[in-house]
Every structure is written in structure tokens, then in C-alpha cells.
Amino acid sequence: MSSALLEDLRDRGLIFQIAGEEQLPDWLDGGPRTLYCGFDPTADSLHIGSLVPLLTLRRFQLAGHKPLALVGGATGLIGDPSFKAAERQLNTPQVVAGWTEKIREQVSRFVDFEGANAAEVVNNLDWTGNVDVLSFLRDIGKHFSINAMVQKESVKQRLEREGEGISFTEFTYMILQSFDFSELYQRYDCTLQIGGSDQWGNITGGIDLTRRRFGGQVFGMTLPLVTKADGTKFGKTESGTIWLDPDRTSPYAFYQFWLNTADADVYRFLRYFTFLSVEEIAAIESADSERQGRPEGQGILAEQVTALVHGDAGLTAATRITGALFSGEMTALSADDFEQLRLDGLPSSEITAAAMPPTLTQLLTEAGVVASGKQVKDALGRGAVLINGVSVDAGQNNDPRTCFNPVASLHNRYFLLRLGKKKYHLFVLK
RNA sequence: GGAGGGGUUCCCGAGUGGCCAAAGGGAUCAGACUGUAAAUCUGACGCGCGAGCUUCGGUGGUUCGAAUCCACCCCCCUCCA
């Protein structure tokens, strides 16, 4: 444990703001400290946006500190308004409770529960669930100045922007989260909270409350918002959010996401999302800059992050599919290979000659290859649909039987359909 | 409770009786170029192979014709009480 950790975090660009900057290095050097980061159950899985704080918790643990992963069973019932453009829909307590459990399992994979600085998962519903309103208002609410709260940048647009407002419920979120920090200080001697840069207001609120309730000095640190060089939102693709849950985003799709990282982002992402040292990453970058053609950074990034999130088995599956599809030689695949690809998470569907839809557009839409038939039509018109490597022309749209003629199948049952450069779908004849 | 301003296709945002499936931008998809990049150019972008069908907060109405006009309702914002 040492402020060397802070140095490393800084080198990685992982420090956005620190509350208590002068004292924090010495504080961390002074012994194992307990820190926490909260994850609200707003869905049944976290997405890669939560990866930076999750991995940062782990970095602290590797440096000898004790991480608490807080699952927001209580705060998830309220909704964090920070920098959100609009009021959010409340979910039922049952739903949130279910999600809380899923998130609890998920965050557990990123920290170590063994050893002297074993991690713990805590749920803020445990200490807020039974607080009565009057106590809360008298003991906690009194410490908060509305005048200060409305000054917070995180809610400003909701207060000032024409067309949107904020409910008392969401406005109170900050108080709840501040309460968490002070309770964790009391219960676990937790003295540092980390979170995304949007959490600054909530974190400083917790620091103030801890001082007012217990006279304790605690620290806060925010991590940068992950951005992309082209300005589009990080973590989204056409098929939607990249989730950590393999049932929502397969390890293959997950791997592909990272593999497709832009050159302008890849070394920064290596620093954010992997445990490779900054020196190693710098070496990769300089090697890439001297190489002609495709850089190696993306491949390393994809490998590292997929292994972190989905384990070695997930990574193996992802690279197996990637290798098979993008090497160009699908005819070299055995029947077993195809079965394995299905199990590994290559999107696939079963078809029968008897129940063949009348058009390819319909077939591909139903299989979930694309969102609408228009996209198939467009792709067909440009020769971008290939079945087992053979281009399908637009005129064949009305004739899927010919396209999926058993005679043309691989191993008598497999059709590997490619749409565009990157979308693959396996059709299996029954 | 009163006065005023709003709710348009994924997002932002034009559109005030027909030329509107609805400008423009963004996002997204496909093609060319490449490295399964970026930038650029091209095409698509409510649904449908198609004929056609369904949209502009909701429900009714006026009209040959409504996102546009009217009535009522729902929701949001601002100010006043």
C-alpha cells in the first residue's frame, strides 16, 4: 500500500478529481484503508460503463486496501438524477431486489474475498430500509442545505432547463448516498469513496455528512467518463449496450466490441481497462506506430478485457469464433467446430425446408440478424449477403429455398450467413 | 387554483390544412477505400418482397383532405397564488 498506487492511477488517466488531495497519499501510505464504490441496480446486469470503477476497486485491493462493493438496493429504488436529462421511471421493489441480487453476483467477480484485505459486498438497503422518515429528516436532513444542493452541477440542468424538472424523490438521492458514506465510515471505517465523474456531487455530499455526523475525515475520488475520440457514446453499438452478463452480450460479441476500438482510443483504453503496466502499454503503442497496417493494441485490449470479465473460457470461445469467421476459411471447419461455435455464442437459428419464410428479408429479420427487412434489401442490392461464402443477389430474395438448398450446406446442415463485413449468423438445417 | 409555454419518427429539432412517412443535424446500417480502424465519398434509415399499411401525447370532432383547425383529457415546464 502506497501512494505509488495514486501515481499509477494518475499515469493511467484514471483520476478525474480528488477530494482531500493533499492528505490522501499519506493516508493511503499509512496502512490498509477501506474504500467503497456504489453500483445501483438499474438493470439486471451492469454494462461496461461500470467496468472502470469496478477495476479501480480491484487496483486498490491489489495495492493492499479493502474494497467494499456497494450494491444500491436502496438508492436503486430512488434513481440518481446526476446529469440525467430526465426524471426516471421507478421500478417496483421486487424488481429492484431481483436486480440487486444479480448485480451482487456480478461485482463479486471483480474483487477478491480472501485474505487480510478481503472485499465485501454491502447493500445500502440494510441500513436505510428501516430508517423512519422523521429520524431521517431530523438527523440527516438537517445537515443538508438546500441552497448548497441546488448549486450542484449534477442537478443544475434539471433545475434550469426548460422542459424538464426534478422530483423531490430524485433530488433526495444525494442525501441517501451521502448517508451511505457516513454509515460505511461508521460501520467499516471506510474512508474513501470512488465513482464516476458524475458522482462528484454525491461523494462530496457524503464527505460533508461524515464530518458533520461523526467528525470524521474521509476522501473522495472520481474517475473520468470514458469518451471516444469520435465523440459518439462509449459502450453502445447498433445492437445496443455492451453488458457484462454473458447472457446479454456474449463473450464473442464482447471481444468483438473491444477489437473494434478506434486507434485513437485503444491505448487510453488499455490504460483504463487492463492491468498491463503503463510501460508495457507505451511499448505496445510505439511498436504499433512503427508497424505498417493493423496495430496490435486492439487485439491485446480485447484479449485482456474479455479474460477479465468472462474468464479464460470466455476468451477462448471468443477467439475461436473470431478465428473461424475472419480467417476466411469456413469450409475448413468441421461439423464439431460448427457445434462448438454455437455453444460459444455465435448467433444461430434453426431452419427447416418445410417452414421456410417466403422471403430472405423475413427470414433474416426473424432470426434477428438485422432489425428490418430494409437493411437486408439494401445489403442484397450491394452484394453484402453471403451464404457459405457465396454472394446472394437481390433477385433471390423471394427464393430462400434455393439459397438454403441442402446441397449447398456444409456438413449437410450448416449455412454460415454473413451480412456486411462483421455480422455472422449460423443457420442450421433441421 | 390562475396565467403562459410545450409534448413530432432512436436523439436533437423544423414543420401551423393538401406538394408530409414528415426539412436539417446526430446516431445507426450497407458499399467503396482500408487494417473486422479513422477520415472521406455513396446509399439506406416507420413497417412490408410488393400492392400497401401504420405514425406526429390520448380520445373524439370539423373537412374531400389534419402533425397542422376545434373539444375534452393526460403529461412536462415557467411565473403567480
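Numbers restart at 1 for each chain; the letters A, B, ... are given by sequence-line order, proteins then strands. No experiment lies behind these values; they were computed from the predicted model shown.
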What nucleic acid atoms does A/Lys423 come within less than 4.0 Å of, heavy atoms only: base, sugar-phosphate, or nothing? sugar-phosphate

Expressed in angstrom and rounded to an integer, what is the separation of A/Lys236 atom NZ from B/rC29 atom C1'? 17 Å

Carboxylate-amine/guanidinium contact A/Asp344 A/Arg320, below 4.0 Å: yes

salt_bridge(A/Glu101, A/Arg104) N-O dist < 4.0 Å: yes

Only pairs with both distances under 3.5 Å count, Watson-Crick or wobble alike; so what is the partner of B/rA81 in this structure? none

Test of ring centre spacing under 6.0 Å for A/Phe269 and A/Phe234: yes

Please state the P separation for the pair B/rC33 and B/rG7 - nearest whole angstrom. 45 Å

Euclidean distance for P, B/rU9 against B/rG5 (whole angstrom): 22 Å

Measuring only between side-chain heavy atoms, which start at C-beta, is A/Arg58 closer than 4.5 Å to A/Leu54? no

Side-chain touch A/Gln362/A/Thr365, heavy atoms, less than 4.5 angstrom: no

Quick one: do A/Glu170 and A/Lys84 make a salt bridge, cutoff under 4.0 Å? no

Using the C1' atom on both, measure B/rC72 against B/rG25 and round to a whole Å. 37 Å

Rounded to whole angstrom units, what separation is found between the CG atom of A/Asn397 and the C1' atom of B/rG48? 11 Å

Tell which nucleotide pairs with B/rC10, taking only Watson-Crick or G-U wobble pairs whose two distances are both under 3.5 angstrom. B/rG26

Assign A/Thr359 to base, sugar-phosphate, or nothing according to its heavy-atom contacts below 4.0 angstrom with the strands shown. base

Could you tell me how far B/rU16 sits from B/rG6 if I compare only their P atoms? Round to whole Å. 13 Å

Over 60° means perpendicular and under 30° means parallel, so tell me whether A/Phe326 and A/Tyr424 are parallel, tilted or perpendicular. perpendicular

Whole-angstrom distance between B/rC75 and B/rG31, as gauged at atom P: 48 Å

Check this for me: does any side-chain nitrogen of one of A/Glu285 and A/Arg291 sit under 4.0 Å from a carboxylate oxygen of the other? no

Please state the C1' separation for the pair B/rU34 and B/rC49 - nearest whole angstrom. 34 Å

Atom CD of A/Gln375 to atom P of B/rA44: distance rounded to whole Å? 14 Å

Short side-chain N/O contact from A/Ser372 to OP1 or OP2 of B/rC47, under 4.0 Å: yes

Are there any protein N/O atoms within less than 3.5 Å of an N/O atom in nucleotides 50-52 of chain B, and if so, which ones and at what distance?
{"from": "B/rG50", "atom 1": "OP1", "to": "A/Lys377", "atom 2": "NZ", "distance (Å)": "2.6"}

As its Watson-Crick or G-U partner within any shown strand, both distances under 3.5 Å, B/rC47 has B/rG52

Test item: side-chain donor near acceptor, A/Lys152 and A/Asn202, under 3.5 Å: no

Sequence-aligned protein contact record of nucleotides 31-37 of chain B, with B where the base is within under 4.0 Å of a protein heavy atom and S where only the sugar-phosphate is: B-BBBBB

Are any of the side-chain nitrogens in A/Glu7 or A/Arg12 under 4.0 Å away from the carboxylate oxygens of its partner? no

In whole Å, I'd like the distance from the NZ atom of A/Lys228 to the P atom of B/rA39. 10 Å

Say we look at B/rC70 and B/rG4: how far apart would their P atoms be, to the nearest angstrom? 14 Å

If pairing means Watson-Crick or G-U wobble with both distances under 3.5 Å, then the partner of B/rA21 is none

Remember a base hit wins even if backbone is also touched, and classify A/Asp378 as base, sugar-phosphate or nothing at under 4.0 Å, heavy atoms. base

How many whole angstroms separate atom CG of A/Leu380 from atom P of B/rA44? 16 Å

So, for A/Phe273 and A/Phe254, is the gap between ring centers shorter than 6.0 Å? no

Using atom C1' of each nucleotide, how far apart are B/rC29 and B/rU68 to the nearest Å? 32 Å

Across every strand shown, the nucleotide meeting Watson-Crick or G-U wobble geometry with B/rU40 (both distances under 3.5 Å) is B/rA32

